[in-house]
Amino acid sequence: FYHGFVLGLMAGQRNTYIIKSNRESGFGRYDVMMIPKQSTSESGKKLPAIVLEFKVKRDNEKSLEEAVEAALKQIEEKRYDEEILALGIEKERIRHYGFAFEGKKVLIG
């Protein structure tokens, strides 16, 4: 449910970004990847590439913060950036966001 909701929100960025979901990269499948269609925005700012990973807080995680950390760790460990790096986008231009959900509560880190 959360995945579909966030993808719906991202649809407004389709003019600026290529939006991919649940594709293989590195050693796993990322939840959402946003690849800039151009290297700079109309204002001249460099656009980042973005990798999103969603986690529902599990019983073994004490807090939403722990679930966010697990999402960010998964992005790094599974090397989801590989697809973006292969396109020639520099590591410094890649942003990682972990989304943690617990019922109606959400934390993004």
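Because only heavy atoms are used, hydrogens play no part in the values below, and waters and symmetry mates are left out as well, while side chains stay in. In this chain, residues are counted from 1 in sequence order.
- Under the 3.5 Å distance criterion, with hydrogens and angles disregarded, a donor-acceptor pair is assigned to the side chains of Tyr30 and Glu83.
- For Gln74 and Tyr80, the side-chain atoms include at least one donor-acceptor pair closer than 3.5 Å.
- Using a 4.5 Å cut-off between side-chain heavy atoms of Ile, Leu, Val, Met, Phe, Trp and Tyr, with links allowed through other members, Leu72 and Phe27 fall into different hydrophobic clusters.
- For the pair Tyr17/Leu47, a side-chain contact is recorded, criterion being any heavy-atom separation below 4.5 Å from C-beta on.
- Looking at Ile50 and Pro36, their side chains never come closer than 4.5 Å, going by heavy atoms from C-beta outward.
- Once rounded to the nearest 0.5 Å, the distance linking OH of Tyr97 with CD1 of Ile108 reads 9.5 Å.
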Checklist entry - When you look at Phe101 and Leu107, which way does the side chain to side chain contact (heavy atoms under 4.5 Å, CB included) test go after all the steps? => result CA-CA 7 Å; Phe101 300 93; Leu107 181 66; over 6 Å; no
Next on the checklist: Applying side chain to side chain contact (heavy atoms under 4.5 Å, CB included) to Met33 and Leu52, what does each step give before you reach the verdict?
Outcome noted: CA-CA 6 Å; Met33 183 177 286; Leu52 307 174; over 6 Å; no
Item to check | Working for side chain to side chain contact (heavy atoms under 4.5 Å, CB included), residues Arg95 and Met34 | outcome: CA-CA 10 Å; Arg95 304 287 178 264; Met34 298 175 65; over 6 Å; no
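- In this structure, Glu69 contributes its side chain and Glu65 its backbone to no donor-acceptor pair below 3.5 Å.
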Next on the checklist: What verdict does the side chain to side chain contact (heavy atoms under 4.5 Å, CB included) test give for Val68 and Lys55, after you've listed the backbone C-alpha separation in whole Å, the side-chain angles of each residue and the deciding distance to 0.1 Å?
Outcome noted: CA-CA 7 Å; Val68 164; Lys55 292 287 182 199; over 6 Å; no
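- Looking only at atom types and distance, the side chain of His96 has no donor-acceptor partner in the side chain of Glu53 under 3.5 Å away.
- Residues Ile94 and Leu85 have side chains in contact (heavy-atom distance under 4.5 Å, counting atoms from C-beta outward).
- The local environment of NZ in Lys91 is crowded, with over 12 non-hydrogen atoms from other residues, nucleotides or ligands closer than 6.0 Å.
- The existence of a salt bridge linking Glu76 and Lys73 is excluded, since no basic side-chain nitrogen approaches an acidic carboxylate oxygen closer than 4.0 Å.
- The two atoms that bring Phe54 and Asp31 nearest to each other are N-OD2, 2.7 Å, heavy atoms only.
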